[in-house]
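Each chain gets a letter, A, B and so on, in the order the sequences are listed, and its residues count up from 1.
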Number of protein chains: 2
Amino acid sequence: MPELSAHSDHDDIGAISDATLRLFAGYYMKRAFNVVQADLSQTLRPFGLRMLTYSALTVIADNPGLRQAQLAGALAMERPNMVAIIDELHRRGLIRRDRDPADRRAYALMPSLEGRQLCERANRAVKRHEARMFGFLDENERAALLRALHRVETGSRGEHE
Amino acid sequence: MPELSAHSDHDDIGAISDATLRLFAGYYMKRAFNVVQADLSQTLRPFGLRMLTYSALTVIADNPGLRQAQLAGALAMERPNMVAIIDELHRRGLIRRDRDPADRRAYALMPSLEGRQLCERANRAVKRHEARMFGFLDENERAALLRALHRVETGSRGEHE
DNA sequence: TATTGTTATACTCTATAACTATA
DNA sequence: TATAGTTATAGAGTATAACAATA
């Protein structure tokens, strides 16, 4: 059982009181994200995955046949930064890259059996990670948080539902 | 007037529908933070500041005389990563580093006049940045978002108020 | 002309170990 | 011994320009 030290708090000796410390909202996003990211990295390490390789693998497993550009769009990252991720997953035999016969520039990304199995196992660990990070929020609070984050990301467009 | 393209949305042609795309919660934090961070970087560029140099400068201006280790704690970053930030602010004449006579290992960080003035001007631009990023959230929603982020960061400890 | 994937590159942020000078 | 600041270093993520192959 790996030692997962969630929420590594910095030493409070001589710290500035929260009343005196006033930062802009984005900094609180950064601080929270750093904590989540650190815990997620520890969570994925036993599987040989990082946040981005895990994210890419799950999207490929859920959407077999998609292109790299679509994957980059889904993960909100630039296409050049996708290449190393795909290379790594492919080198480890977790995905296949089939040439799209209709458009020979593009690849159709497919999960391998090993990729699907690793993804399943990692998913269970990530579920526990999410329980650690967000478990104290009830369903309404958690939904409100995700909705607020989505509105920040999209500039509040897209709530037409 | 610099061109501030907030919320650079990725091309939606051939995109995966939101219904099909299911990522873990931390990834939505990352996406939202990236948007905020990109807008903040553009906002601070005219002042020659980045997120961390701006954050450090504001904390020093609000808490003159604090030590580097205290500053690192306030910004939730490691002490070694503080050095380059402090060097940059000092080289530009925005802060002073006075040796603490009581403890000659430590520095007392003080804002210079130029530092306070630059901070004031940057603060106004950051206010507008925050209005762009979070303005569509009402006071309750915004407070709930910050409270949720703080609880995630601290692991829900610290709500003893 | 435009797009897919790619290379090269640079910048930013984060984390750890080990050093120095003080305490 | 422990702490403040430092150096060196490595890893991870992000962004842009430019290219070849293909559409």
Among the nucleotides D:dT6, C:dG5, D:dA4, which one has an atom lying closest to any side-chain atom of A:Y107? C:dG5
Within this structure, what is the CZ-to-P distance between A:F33 and C:dC13, rounded to whole angstrom? 14 Å
Taken to the nearest whole Å, CD/B:Q42 to C1'/D:dA15 is 11 Å
For DNA chain C, find the residues of residues 52-62 of chain B with a heavy-atom distance under 4.0 Å and give them by number; none if there aren't any. B:L52
Please confirm whether A:R99 makes a cation-pi placement over A:Y107, using NZ or CZ under 6.0 Å from the six-membered ring centre and within 45° of the ring normal. yes
Looking only at the side chain of B:K30 (C-beta and beyond, no hydrogens), which of the listed nucleotides D:dG5, D:dG13, D:dT14 gets closest? D:dT14
Tell me whether the side-chain N/O atoms of B:Q68 come closer than 4.0 Å to OP1 or OP2 in D:dT6. yes
So which nucleotide from D:dT16, D:dG5, C:dT4 ends up closest to the side chain of B:R67? D:dG5
Going 5' to 3' along nucleotides 18-23 of chain C, which nucleotides have protein heavy atoms under 4.0 Å from the base (write B), which only from the sugar-phosphate (write S), and which from neither (write -)? ---BBS
Answer yes or no: is there a side-chain heavy-atom contact under 4.5 Å between B:D39 and B:V35? no
Return no unless some side-chain N or O of B:Q37 is found under 4.0 Å from OP1 or OP2 of C:dT12. no
Contact check, side chains of B:L71 and B:I86, non-hydrogen atoms, under 4.5 Å: yes
Distance check needed: C:dT14 C1' versus B:R79 CZ, whole Å only. 13 Å
Kindly determine whether A:L75 and A:I85 satisfy side chain to side chain contact (heavy atoms under 4.5 Å, CB included), including the steps that lead there. CA-CA 12 Å; A:L75 296 178; A:I85 309 286; over 6 Å; no
Whole-Å gap separating P (D:dG13) and CG (A:N81): 10 Å
For B:R92, check side chain to side chain contact (heavy atoms under 4.5 Å, CB included) against everything at least two apart and list the hits. B:L49, B:L94, B:L118
Under-4.0 Å salt bridge between B:R67 and B:D103: yes
Does B:N34 make a side-chain N or O approach to OP1 or OP2 of D:dT14 shorter than 4.0 Å? yes
Does C:dC13 have OP1 or OP2 under 4.0 Å away from a side-chain N or O of B:R50? yes
Separation of D:dT6 atom P from B:I86 atom CD1, nearest Å, is 8 Å
Categorize A:M51 for me: base, sugar-phosphate, or nothing, with a 4.0 angstrom heavy-atom threshold over every strand shown. sugar-phosphate
Considering residues at least two apart in sequence or located in another chain, which fulfil the ring pair (Phe, Tyr, Trp, His ring centres under 6.0 Å) criterion with B:Y54? A:F24
Return whichever of A:A38 or A:A69 has its heavy-atom-nearest nucleotide of DNA chain C closer to the 5' end. A:A69
Can you list everything that forms a salt bridge (Lys or Arg N to Asp or Glu O under 4.0 Å) with A:R142? Sequence neighbours excluded, please. A:E130
Take the protein atom CG of A:L71 and the nucleotide atom P of C:dT4, then report the distance between them rounded to whole Å. 13 Å
If you measure from the Lys or Arg side-chain nitrogens to the Asp or Glu carboxylate oxygens, is any gap between B:R22 and A:D62 under 4.0 Å? no
Nearest-angstrom distance from the residue atom CG of A:L75 to C1' of D:dA15: 16 Å
Under the side chain to side chain contact (heavy atoms under 4.5 Å, CB included) test, residues paired with B:P64 that sit two or more places apart: B:M110, B:P111
Respond yes when some side-chain nitrogen or oxygen of B:R45 is under 4.0 Å from OP1 or OP2 of C:dC11, and no when none is. no
Measure from CD on B:E78 to C1' on D:dT3 and round the result to the nearest Å. 15 Å
